[in-house]
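Presented below is the structure to which this report refers.
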Amino acid sequence: MTTAPTADLVMERLQQEAAREFPGWSFRRDRTGWTATHGDLRLTRPSLAALRALLRIHRATRQV
């Protein structure tokens, strides 16, 4: 019999995935949502999915 992963385990895996996708960024969750930090830059969104979408846009605009 297998067991389903806990919500904390799932969130930890998603956080690790985000860290792999965006090297140099750190991710933290608190009661207001998720924050990504890179040096002096901090971006906050209510969900990790929204934060990752914002970081993809940020990365694309910096490459232009």
Side-chain angles (χ1 to χ4, degrees):
M1 186 166 118
T2 61
T3 59
T6 65
D8 288 339
L9 181 60
V10 170
M11 293 312 286
E12 182 180 326
R13 288 181 183 169
L14 289 171
Q15 187 174 2
Q16 291 170 354
E17 184 181 303
R20 281 191 302 273
E21 184 178 2
F22 302 102
W25 287 85
S26 61
F27 295 87
R28 184 175 49 87
R29 183 180 184 196
D30 64 19
R31 61 181 176 78
T32 62
W34 285 86
T35 300
T37 306
H38 186 333
D40 293 336
L41 183 59
R42 292 182 65 172
L43 302 171
T44 301
R45 289 296 178 265
S47 71
L48 184 56
L51 183 56
R52 290 175 74 181
L54 179 64
L55 286 172
R56 287 182 192 112
I57 293 169
H58 175 74
R59 179 175 56 198
T61 58
R62 292 184 58 103
Q63 291 176 353
V64 173

Roughly how far apart are Trp25 CH2 and His58 NE2, rounded to 0.5 Å? 4.5 Å
Drop me the distance from Leu55's CG to Phe22's CZ, to the nearest 0.5 angstrom. 5.0 Å
Would you compute the distance between atom CZ of Arg28 and atom OG1 of Thr44 and round it to the nearest 0.5 angstrom? 7.5 Å
Go through the steps for Asp8 and Thr6 under the test side-chain hydrogen bond (donor to acceptor under 3.5 Å, both in side chains), then give the verdict. CA-CA 5 Å; Asp8 288 339; Thr6 65; 5.3 Å; no
On a heavy-atom basis, which atom in Arg29 and which in Met11 lie closest, and how many Å separate them? NH1-CG, 3.8 Å
Linking I/L/V/M/F/W/Y whenever any side-chain heavy atoms sit under 4.5 Å apart, do Leu51 and Ile57 land together? no
Go through it in stages, so that I can follow the logic: the residues are Arg45 and Trp34, the test is side chain to side chain contact (heavy atoms under 4.5 Å, CB included), and I'd like the CA-CA distance, side-chain angles, deciding distance and then a yes or no. CA-CA 6 Å; Arg45 289 296 178 265; Trp34 285 86; 5.8 Å; no
Minimum-distance pair of heavy atoms, taken over all atoms of Leu48 and Phe27: CD1-CD2, 4.0 Å
In Å, rounded to the nearest 0.5 Å, how long is the span from CD of Glu17 to CZ of Arg52? 4.5 Å
Assess whether atom CZ of Arg56 is packed by more than 12 heavy atoms of other residues, nucleotides or ligands within 6.0 Å. yes
